Student: 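Got a structure for you, questions after.
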Amino acid sequence: DHAPVGEYTRLYRAEEPLYWLHIPPWLSEWAVGANPRRILDIGSGYGSLAVFAAIETGAKVFCLDWEPHRLAPVLVERYSIEVAGGNVELMDIPWQQSMDAVVMTEVIEHFNFHPVPTMQKVWRAIEPGGRLFLSTPDADSWGRVTDLYSDYREMPYPDPALPIADRHIYQFTEAEIVAVLTQSGFEIVRLARAPGRWGLHLNVEATRSG
């Protein structure tokens, strides 16, 4: 009854679960034994998974998005969500407390810079043994975006002096996303494909080891 209006109600609300279909049940299953206290949603958008995490786990939920106004104030108030605006590639994560889990759905393909430094930052924000839940378009299904980079390893490291584009900059294959997460310190727990709208999406659960 208090859903955001505009693009979300016309289109995105119906299609977004197709992108991260496996993540809600994975999150619920993990939370039963983990009893999480703090969950961070990076690129939280309209807040669907943030609200789900708050209801399903009882954890305190934090949201970081460079368009924080998309998360309806009524949801922020009702579920006691803390919200901050900014670009995770170019800023420190604004909360000092370690997170039990981080959710990143449909974010990494928008990265303008080499993904490993930012994913290492995310790794550092998670408690040892905590979880990362990530989704992103599967390049083997969607196709490549190569007008800027033919390989993610060509991407520059984060630099606030460089311009930022808001679109899909690079779409990853399964092997590439596994390589990025492994290099960043994560261990893959499970990986599956979700149906999506334009093509399949990779859904990943990974853990912070060490």
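Just the heavy atoms: all of them, side chains too, but no hydrogens, waters or symmetry mates, feed the values below. The model shown is predicted, which means the values in this text are computed figures rather than measured ones.
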Student: May I ask you to test the P195-Y19 pair for a side-chain heavy-atom distance under 4.5 Å?
Tutor: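 In short, these two side chains do not touch, never coming nearer than 4.5 Å.
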Student: Quick one: CD1 on I55 to CZ on R78, what's the gap to the nearest 0.5 Å?
Tutor: 8.5 Å
Student: Please round to the nearest 0.5 Å and tell me the distance separating atom CZ of R124 and atom CD1 of I93.
Tutor: 8.5 Å
Student: Would you find a donor on one side and an acceptor on the other, under 3.5 Å apart, between the side chain of R208 and the backbone of R131?
Tutor: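 Flag not set: sc R208 to bb R131 has no pair under 3.5 Å.
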Student: Work out which heavy atom in A50 is nearest to a heavy atom in C63; give both atom names and the distance.
Tutor: CB-SG, 3.5 Å
Student: Evaluate side chain to side chain contact (heavy atoms under 4.5 Å, CB included) for I169 paired with Y149, printing each intermediate quantity in order.
Tutor: CA-CA 8 Å; I169 302 298; Y149 309 104; 3.9 Å; yes
Student: So, taking the atom named CD in Q97 and the one named CZ in R38, what distance separates them when rounded to the nearest 0.5 Å?
Tutor: 5.5 Å
Student: Going only through I, L, V, M, F, W and Y residues with side-chain contacts under 4.5 Å, is there a path from L21 to L132?
Tutor: no
Student: In terms of ring plane angle, is the pair H110 and H168 parallel, tilted or perpendicular, where the classes change at 30° and 60°?
Tutor: perpendicular
Student: Taking the six-membered ring for Trp and the full ring for Phe, Tyr or His, determine whether the centres of F111 and Y170 are under 6.0 Å apart.
Tutor: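 So the answer is no for these two rings.
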Student: What are the two closest non-hydrogen atoms of K121 and M91, and how far apart are they?
Tutor: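 That closest heavy-atom pairing would be NZ-O, 2.6 Å.
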Student: Taking CD in E77 as the centre, count heavy atoms belonging to other residues, nucleotides or ligands within less than 6.0 Å. Is the count above 12?
Tutor: no
Student: May I ask you to check whether E106 and W20 show a side-chain donor-acceptor distance below 3.5 Å?
Tutor: no
Student: Under a 3.5 Å cutoff, is there a donor and acceptor pairing between the side chains of S184 and Q120?
Tutor: no
Student: Mind checking whether P94 and F62 have side chains closer than 4.5 Å, heavy atoms only?
Tutor: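 The answer is no; the side chains never approach within 4.5 Å.
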Student: Students often mix this up, so state it plainly: with edges at 30° and 60°, are the rings of H114 and Y157 parallel, tilted or perpendicular?
Tutor: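 Plane angle between 30° and 60°, so tilted.
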Student: Apply the test side-chain hydrogen bond (donor to acceptor under 3.5 Å, both in side chains) to residues S48 and E16: give CA-CA distance (whole Å), side-chain angles for both, the deciding distance (0.1 Å), then the verdict.
Tutor: CA-CA 9 Å; S48 301; E16 69 166 333; 2.3 Å; yes
Student: Looking at K60 and D100, is there a salt bridge between them, counting it only when a charged N and a carboxylate O are closer than 4.0 Å?
Tutor: no
Student: Decide side-chain hydrogen bond (donor to acceptor under 3.5 Å, both in side chains) for E187 and T207; before the verdict, give the C-alpha distance in whole Å, the side-chain angles of both, and the deciding distance to 0.1 Å.
Tutor: CA-CA 5 Å; E187 294 181 7; T207 187; over 6 Å; no
Student: Given side chains that start at C-beta, do those of F52 and S28 come closer than 4.5 Å, heavy atoms only?
Tutor: yes
Student: R193 and side-chain hydrogen bond (donor to acceptor under 3.5 Å, both in side chains): which partner among N203, D140, D138?
Tutor: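 Exactly one candidate clears the test, D138.
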Student: To the closest 0.5 Å, what do you measure between CG (L71) and OG (S44)?
Tutor: 5.0 Å
Student: Check whether more than 12 heavy atoms from other residues, nucleotides or ligands sit under 6.0 Å from atom CG of D92, and answer yes or no.
Tutor: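 Not buried by this count: 12 neighbours or fewer within 6.0 Å.
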Student: Tell me, do W95 and L40 make a side-chain contact under 4.5 Å, heavy atoms counted?
Tutor: yes
Student: Here's a test for you: under side-chain contact (heavy atoms from CB on, under 4.5 Å), which of L64, V61, L75, V76 qualifies with V83?
Tutor: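 Among the candidates, only V76 passes.
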Student: Indicate the atoms forming the closest heavy-atom contact of H201 with G196, along with that distance.
Tutor: CD2-CA, 3.5 Å
Student: So, T173 side chain and E176 main chain: donor-acceptor pair closer than 3.5 Å or not?
Tutor: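 Side chain of T173 to backbone of E176: a pair is present.
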Student: Roughly how far, to the nearest 0.5 Å, is the NE2 atom of H22 from the CG atom of L202?
Tutor: 10.0 Å
Student: Should I39 and V204 be regarded as members of a common hydrophobic cluster, given that ILVMFWY residues are connected when their side-chain heavy atoms come within less than 4.5 Å of each other, either directly or indirectly?
Tutor: no
Student: Are L191 and E174 side-chain neighbours, meaning at least one heavy-atom pair lies under 4.5 Å?
Tutor: yes
Student: Taking T182 for its side chain and V178 for its backbone only, find out whether a donor-acceptor pair lies under 3.5 Å.
Tutor: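 Yes: the side chain of T182 pairs with the backbone of V178.
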Student: Identify whether L27 and F186 are in the same connected component of the hydrophobic contact network (ILVMFWY, side-chain heavy atoms under 4.5 Å).
Tutor: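 Cluster IDs for L27 and F186 differ.
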Student: Please report the shortest heavy-atom distance between S135 and E109, naming the atom on each side.
Tutor: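 Closest approach of S135 to E109: O-OE1, 4.3 Å.
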Student: Determine whether N112 and N87 satisfy the following criterion, side chain to side chain contact (heavy atoms under 4.5 Å, CB included), listing intermediate values before the conclusion.
Tutor: CA-CA 10 Å; N112 279 246; N87 184 341; 5.9 Å; no
Student: Transitively linked via ILVMFWY side-chain contacts under 4.5 Å: I188 with I108?
Tutor: yes
Student: Does Q171 use its side chain to pair, donor to acceptor, with the backbone of G143 at less than 3.5 Å?
Tutor: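 Pair found, side chain donor or acceptor close to backbone of G143.
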Student: Under 3.5 Å, side chain of R70 to main-chain N/O of Y46, donor-acceptor pair present?
Tutor: no
Student: Looking only at heavy atoms, which two atoms of V107 and I42 are closest? And how far apart?
Tutor: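 Reported closest heavy-atom pair: CG2-O, 3.3 Å.
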Student: Start with the C-alpha gap between M119 and L181, add the side-chain angles, then the distance that decides, and say whether side chain to side chain contact (heavy atoms under 4.5 Å, CB included) holds.
Tutor: CA-CA 7 Å; M119 295 312 300; L181 294 180; 3.9 Å; yes
Student: With side chain to side chain contact (heavy atoms under 4.5 Å, CB included) as the criterion, how do V51 and I81 come out once you've worked through the C-alpha distance, each side chain's angles and the decisive distance to 0.1 Å?
Tutor: CA-CA 8 Å; V51 169; I81 296 170; 4.3 Å; yes
Student: Under 4.5 Å between side-chain heavy atoms, counting indirect links through other Ile/Leu/Val/Met/Phe/Trp/Tyr residues: same cluster for W198 and L200 or not?
Tutor: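 No: no chain of side-chain contacts under 4.5 Å links W198 to L200.
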Student: Got a donor-acceptor contact below 3.5 angstrom from the D65 side chain to the G85 backbone?
Tutor: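 Absent.
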Student: Ignoring hydrogens, what is the shortest heavy-atom contact between A101 and F133? Give both atom names and the distance.
Tutor: CB-CE1, 4.2 Å
